[in-house]
Structures are given as structure tokens and as C-alpha cells.
Chemist: 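Sharing a structure here in C-alpha cells format.
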Amino acid sequence: MSKEIGIKAKKKEDFSEWYSEVIIKSELADYGSVKGFMVLRPYGFQIWEIIKETFDKWIKRLNHKNAYFPSLIPQSLLMKEREHFKGFNPEVFWVTHAGNDELSEKLAIRPTSETIIYDSYAKWVRSWRDLPLLINVWNSVLRAEIKSTKPFIRTSEFLWQEGHTVHESKKDADKEVRRIIKLYKRLIEDYLAIPTIIGKKSEKEKFVGALYTITLESLMPDGRALQMGTSHNLGQNFSKPFEIKFLGRDGKEHYAWTASWGFSWRLLGALVMVHGDDKGLIIPPKVAPIQVIIIPIFYKKEKEKIIQKVKDLKKKLKRAKVRVEFDLREGYTPGWKYNEWELKGVPLRIEIGPRDLANEQAVIVRRDNSEKRMVKEELLVRSVKEALDSIQKDLFKRAKGWLDENTFEVKSFGEFEEKIEKGALIKAPWCLNQECEIAIKEKSGADIRLIPLVRKRPNENCMVCEKPAKVFAYFARAY
RNA sequence: GGGGUCGUAGUCUAGUUUGGUCUAGGAUACCAGCCUUGGGAGCUGGUGGUCGUGGGUUCAAAUCCCACCGACCCCA
């Protein structure tokens with residue numbers, strides 16, 4: 001009857017509307033009362049926690065340690081690296097008062113923590129033996145988004161992790177930057193089931209103050225690219241103004257090499273966009289707070305027995321390390337519950353009714369393709385695990401197929417404009433000249449998402465100036 | 001950055017054009033009871049509203065005017 005409870009907008013017809021609706025109705029998040037701020041609800045936070053715990057374990061294995069640094073940064077510190085400050089200045093929130101008294105120095109609410117962290121690092125780093133210094137922080141940062149905001153994708157405050165490392169040499173920093181981007185790729189592809197490509201940002205698009213930025217990009221179903229994580233080699237650009245110096249193996253004083261890297265709750269936005277459908281969310285099993293929902297189908301006579309069976313199954317699955325819940329709520333019909341849990345993206349559903357009880361079986365239904373199967377009870381745990389694995393793989397496969405279908409290589413600007421209009425990731429020859437990059441942006445709205453790390457010198461000419469191209473770059477309109 | 005749409009109960013919405021019938025109507029959700037349960041069931045009763053906020057016009061404002069806050073969409 002009341003179809004309004006579910007998602008009204010269609011993903012294919014009205015993507016933006018669909019996206020907001022899914023986030024609110026699936027109870028991932030809610031709007032805060034200040035523009036651009038968002039409430040991450042328990043269901044959304046649980047996904048974030050799984051992502052966090054997974055990545056946290058990995059970086060700790062590589063000897064990184066977590067720490068915490070202040071959220072307020074004195075203006076003078078933030079201004080020490082001039083390029084960096086210029087880059088962030090328009091989006092910094094400033095604290096100017098303590099109670100009624102004006103502060104003698106304005107304090108910035110961190111838009112990122114390089115500066116406040118380096119202030120400490122300068123005190124801590126003395127010798128090459130102190131290096132590498134590998135610290136990660138889980139926190140939130142604030143960047144004023146005045147105009148367009150979008151849950152998870154563009155918010156004035158967001159949760160993220162920021163890694164800040166100090167190294168003896170450029171080469172060591174290079175290695176750190178690369179091993180982290182690979183971890184990001186593993187996290188996003190193996191856990192979030194979102195295919196990505198790795199590459200270097202152009203000079204124009206790199207992190208302000210960085211030597212270079214390595215990025216991980218993906219393409220959303222509306223044809224716009226989304227940056228999923230970045231890893232920066234900051235060279236000595238920060239160590240010099242912040243005086244992060246160490247006595248080297250050679251007995252001489254050196255400026256250190258620093259790197260920083262981060263991903264944010266944006267990943268949750270990508271997860272919604274890439275996998276969701278007209279019924280709501282689809283959460284890949286590896287990051288799903290609830291992997292399996294058991295729904296009983298009551299009939300008066302067998303009610304008690306069914307409840308008992310549902311509880312038994314939950315225990316069994318729990319023992320097998322499956323994140324499982326049951327829905328024993330009365331007054332909701334099974335059909336109602338199916339819709340609700342589909343909206344919430346639970347990857348697998350188990351139905352238990354009188355028929356199943358009699359046949360010692362259960363019905364399992366996949367969220368991603370609605371495939372329904374009857375499974376003998378003694379095989380249930382194994383079947384559930386197989387189904388979860390299969391959903392995880394299929395979600396990635398589907399997303400990868402879509403990405404490949406929407407990635408094109410073009411040679412001329414005419415071809416480029418035609419493809420970009422439809423929303424695509426486009427590989428095109430470029431001369432490395434920033435004027436051409438800007439011209440492309442102005443004419444098409446697309447910018448350079450990345451330049452592949454393994455470079456092959458093109459035979460073609462730059463699509464804009466028609467001088468010989470130096471690299472292939474990937475372009476797209478982006479979030 | 002430019003343009004547009006909008007704000008009435010948890011949600012969706014009628015009423016706004018043309019001020020008075022509005023003590024704001026409905027659906028859904030929620031609560032209680034009954035009845036049901038294999039794809040969003042039904043019946044009965046009930047709770048819930050600073051009409052986004054502030055100011056103004058008026059005998060009278062959800063309705064007109066101004067400012068602000070917030071949300072959404074399109075374009076760059």
C-alpha cells in the first residue's frame with residue numbers, strides 16, 4: 001500500500017534526489033542544524049567503524065601509531081607554509097573569542113593538521129634514529145562549505161584519518177606515499193567493492209604545499225569522478241619552515257622529508273552511490289554492520305517453535321563469525337520487514353516459516369540480485385558464508401564492469417567533449433601545460449583526475465594546443 | 001561563483017494566488033487493544049502543530065512585506 005515509505009526517486013532518473021533519500025531513509029545519516037554539517041547515525045557510524053578498524057589494523061602492522069593533536073591551530077602556525085595557508089584560507093573557520101574576550105591571536109579550527117602536528121614533530125625529531133616517525137590520527141576536520149553541500153561528499157565537517165610521517169630521505173617518503181595508496185586501494189576495492197584507479201595529481205590539482213599528490217579515483221554512476229583518498233609527498237616544504245631537522249648518519253644536520261595521507265567518510269557516500277538501487281542501500285558484506293537478517297514468518301500454531309529456531313540459527317551463525325540479527329518485531333508483516341531491511345542494504349536475508357520448519361530448511365535471499373534459495377539447515381552456515389563471499393565479489397565485478405564501460409580513450413577534443421557530456425572517465429593525451437588544462441576545464445567542466453604512475457609517452461598531440469603530448473591523463477567532471 | 005525551487009506534526013502533504021470559513025484538514029508514522037503474518041494487511045480508539053526564525057503591515061497573518069536561517073536542484 002504505502003509505497004511512500006520506500007525510496008521514491010529512481011537512481012537512473014534523478015540521481016541526486018535518490019542519493020539524499022537513500023541516506024536519510026536508510027538511517028545512515030541526518031542533517032545537522034548548521035548548514036553543511038551532518039549527523040552520522042549509529043547505522044552509518046557502524047560502517048565507518050568497520051572501515052576504521054580494518055585500516056587501523058593494517059597501518060599498525062606497518063608500525064604506525066595513533067595519536068591525537070589539538071583541534072585549534074594558532075594563525076601564526078597555519079601561516080608558516082605560505083602556499084599551504086593560501087590554499088586553505090577561504091575555508092577555514094576561525095575562533096576569535098574566549099567567552100566575551102577577544103583572543104590576542106585568532107585560532108583556526110583545523111582544516112587539516114599538518115601545521116599543528118609539525119610544530120610537535122620539530123621538538124621530537126633529533127636524530128636519524130628517530131625516523132621514520134609514523135603517526136596517524138582519527139579525527140574530524142572543518143572546512144567551510146558555503147555553497148553546495150552533499151551528505152558525506154561535501155560537508156563542512158568530516159570524519160577522516162590523517163597520517164603524518166617523517167622520513168630521512170625523499171626516497172623513503174616516496175615509499176611511504178606509495179605503500180599507503182596501495183592500502184587504500186585494497187581497502188576500497190576489497191572491502192567497499194569499489195574499483196579505483198591510482199595516479200598522480202597534476203600540479204594544479206595537487207595538495208597545496210605538496211611536492212606531489214598520489215590519488216585514488218573512482219567514477220560514480222552519474223558519471224562524475226570522486227576522489228577516494230590521497231597520499232602526499234610534502235618534500236621538505238614543511239620541514240623547512242617548521243624546522244624539522246635531524247642529525248643524519250653522516251653527522252650532518254638535514255631537513256626531514258614528510259608525507260601525509262588521508263581518506264574520509266566520503267567513502268560512505270561512494271558506497272551508497274556505487275552499489276545502491278531503487279530499493280535502497282546495498283552494503284558489501286565485508287563492511288555491513290548486519291550481514292544477515294533473519295526474518296520469522298509466524299503462524300499462531302508454530303510461533304514459539306519458529307522463534308526458537310530463529311534464535312538457534314542466530315547463535316549458530318554468530319559462532320561462525322557472521323554479523324547476524326533477527327527481526328522478531330510483532331505487528332509488522334514479513335513483507336514489510338523485507339522492504340525495510342532491503343532499504344538498509346543488508347546483503348543477505350534468511351526467512352524461516354512453518355514450511356521451512358517442517359522441511360528442516362531455510363530460505364536465503366540475496367540483496368544484490370534478489371536470488372532466492374532453499375537451503376537445508378545443516379548446510380546453512382556454509383551456504384551463508386558462500387553467499388556473502390559471492391555477493392562481495394559480484395558487487396565489485398558489477399562496479400568494475402561499469403567503470404570499464406565508461407572509461408574511454410580519445411584523441412581529439414571533439415571526441416572528448418562528446419564523451420564528457422555523457423559522464424565518463426576519459427584518457428586523453430596532454431602536453432603537461434597548465435594553460436591547456438585550464439582551457440579544458442573552462443570548455444568542458446572536466447579536470448584532470450590523475451596521470452597514471454606508469455607513463456607511456458603518447459604518439460598523439462595534446463588535444464588542446466596540438467603540440468606533441470607528453471603524457472596520457474585521465475579527465476572527468478568531478479564532485 | 002551564477003541561477004532556480006522550497007520550508008505547515010517523525011514523514012509526505014491540503015490550505016498561501018484573492019488575509020477572516022483555520023480553534024490548521026488529510027495520509028502515513030507513533031501509542032493502546034483486537035485481528036493477522038510466505039513481499040510494505042485490516043478494524044477501533046488515541047498522542048502529536050512556536051505553520052523555519054525574527055521583525056513589519058492590519059481590526060485580523062500559515063496566507064501580504066522585509067531580513068535572516070535551513071534544505072534541495074541545475075550550471076561553473
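Atoms considered below: every heavy atom in the structure, side chains included; atoms not considered: hydrogens, waters and symmetry mates. Convention: sequence-line order gives letters A, B, ...; per-chain numbering from 1.
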Chemist: From C-beta outward on A/Pro334, which listed nucleotide comes closest to its side chain: B/rU37, B/rG39, B/rG40?
Modeler: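 Nearest to the side-chain atoms of A/Pro334, counting from C-beta on, is B/rU37.
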
Chemist: Quick test of your reading of the model: are A/Glu17 and A/Lys8 salt-bridged, counting only N-O distances below 4.0 Å?
Modeler: no

Chemist: Taking all atoms of both residues into account, what is the closest heavy-atom pair of A/Arg449 and A/Glu217, and its distance?
Modeler: NE-OE1, 2.9 Å

Chemist: Quick one: CD1 on A/Ile294 to CD1 on A/Ile350, what's the gap to the nearest 0.5 Å?
Modeler: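 Going from the CD1 atom of A/Ile294 to the CD1 atom of A/Ile350 covers 5.0 Å.
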
Chemist: From C-beta outward on A/Val363, which listed nucleotide comes closest to its side chain: B/rG38, B/rC73, B/rC72?
Modeler: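 Of the candidates, B/rG38 comes closest.
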
Chemist: Classify the side chain of A/Glu342 and the base of B/rG39 as holding, or not holding, a donor-acceptor pair under 3.5 Å.
Modeler: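 Present.
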
Chemist: Under 6.0 Å from the CD atom of A/Gln75, do we count more than 12 heavy atoms belonging to anything else shown?
Modeler: yes

Chemist: Work out how far the P atom of B/rG15 is from that of B/rC64, and round it to whole angstrom.
Modeler: 13 Å

Chemist: What nucleic acid atoms does A/Asp14 come within less than 4.0 Å of, heavy atoms only: base, sugar-phosphate, or nothing?
Modeler: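 Counting heavy atoms under 4.0 Å across all strands, no contact is made by A/Asp14.
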
Chemist: What distance, rounded to whole Å, do you find between the two C1' atoms, one in B/rU58 and one in B/rG19?
Modeler: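 B/rU58 and B/rG19 have their C1' atoms separated by 9 Å.
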
Chemist: Distance to the ring centre below 6.0 angstrom and angle to the axis at most 45 degrees; does that hold for A/Lys150 and A/Tyr479?
Modeler: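 No.
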
Chemist: Can you label the angle between the A/Trp336 ring and the A/Tyr332 ring as parallel, tilted or perpendicular, going by 30° and 60°?
Modeler: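 The rings of A/Trp336 and A/Tyr332 sit tilted, inter-plane angle from 30° to 60°.
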
Chemist: Between B/rU11 and B/rA76, how far apart are the P atoms? Round to whole Å, please.
Modeler: 33 Å

Chemist: Would you mind classifying the nucleic acid contact of A/Gly36 as base, sugar-phosphate or nothing, using non-hydrogen atoms under 4.0 angstrom?
Modeler: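 Touches sugar-phosphate only.
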
Chemist: When the P atoms of B/rA24 and B/rU47 are compared, how many Å lie between them, rounded to an integer?
Modeler: 14 Å

Chemist: From the options B/rG70, B/rG38, B/rG39, select the nucleotide whose nearest atom is closest to the side chain of A/Val34.
Modeler: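 Ranking B/rG70, B/rG38, B/rG39 by closest atom to the A/Val34 side chain puts B/rG70 first.
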
Chemist: Just call it for A/Tyr332: base, sugar-phosphate, or nothing, with non-hydrogen atoms closer than 4.0 Å on any strand.
Modeler: base

Chemist: Among the nucleotides B/rG38, B/rC72, B/rG39, which one has an atom lying closest to any side-chain atom of A/Pro151?
Modeler: B/rC72

Chemist: Of the candidate nucleotides B/rG70, B/rC72, B/rU36, which contains the atom at the shortest distance from the side chain of A/Lys35?
Modeler: B/rG70

Chemist: Counting side-chain heavy atoms from CB outward, which of B/rU37, B/rC12, B/rC73 is closest to A/Phe298?
Modeler: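 In terms of side-chain proximity for A/Phe298, the closest of B/rU37, B/rC12, B/rC73 is B/rU37.
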
Chemist: Select base, sugar-phosphate, or nothing to describe what A/Lys372 touches, counting heavy atoms under 4.0 Å on all strands.
Modeler: base

Chemist: For A/Lys300, report the nucleic acid contact type (base, sugar-phosphate, nothing); a contact means any heavy atom under 4.0 Å.
Modeler: sugar-phosphate

Chemist: Counting side-chain heavy atoms from C-beta on, which of B/rU37, B/rG70, B/rC73 comes nearest to A/Ser20?
Modeler: B/rC73

Chemist: Have a look at A/Pro296 and say if it touches a base, only the backbone sugar-phosphate, or nothing, with a 4.0 Å heavy-atom cut-off.
Modeler: nothing

Chemist: Nearest to the side chain of A/Trp336, which nucleotide is it out of B/rC73, B/rG38, B/rA41?
Modeler: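 When the side chain of A/Trp336 is considered, B/rA41 is the closest of B/rC73, B/rG38, B/rA41.
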
Chemist: Considering Watson-Crick and G-U wobble pairs with both distances under 3.5 Å, what does B/rG20 pair with?
Modeler: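 Answer to the pairing question: B/rC59, which forms a Watson-Crick or G-U pair with B/rG20.
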
Chemist: Could you work out which one of B/rG70, B/rG39, B/rC72 sits closest to the side chain of A/Tyr338?
Modeler: B/rG39

Chemist: Please give the distance between the C1' atoms of B/rG20 and B/rA27 as a whole number of Å.
Modeler: 28 Å

Chemist: I'd like the P distance from B/rG4 over to B/rC68, given in whole Å.
Modeler: 16 Å

Chemist: Please say whether the positively charged group of A/Arg266, taken as NZ for Lys or CZ for Arg, lies over the ring of A/Phe158, i.e. under 6.0 angstrom from the six-membered ring centre and within 45 degrees of the axis.
Modeler: no

Chemist: Base, sugar-phosphate, or nothing for A/Thr333, non-hydrogen atoms under 4.0 angstrom?
Modeler: base

Chemist: Taking the C1' atom of each, how far is B/rG25 from B/rU36, in whole Å?
Modeler: 31 Å

Chemist: Categorize A/Arg329 for me: base, sugar-phosphate, or nothing, with a 4.0 angstrom heavy-atom threshold over every strand shown.
Modeler: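 Counting heavy atoms under 4.0 Å across all strands, no contact is made by A/Arg329.
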
Chemist: Suppose you measure atom C1' in B/rA29 against the same atom in B/rG40; what distance do you get, rounded to whole Å?
Modeler: 13 Å

Chemist: Base, sugar-phosphate, or nothing for A/Gly445, non-hydrogen atoms under 4.0 angstrom?
Modeler: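 Nothing, no nucleic acid heavy atom in range.
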
Chemist: Taking only N and O in the side chain of A/Thr149, is any of them less than 4.0 Å away from OP1 or OP2 of B/rC72?
Modeler: yes

Chemist: Among B/rC72, B/rA41, B/rG38, which nucleotide has an atom closest to any side-chain atom of A/Pro354?
Modeler: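 Looking only at side-chain atoms, A/Pro354 lies closest to B/rG38.
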
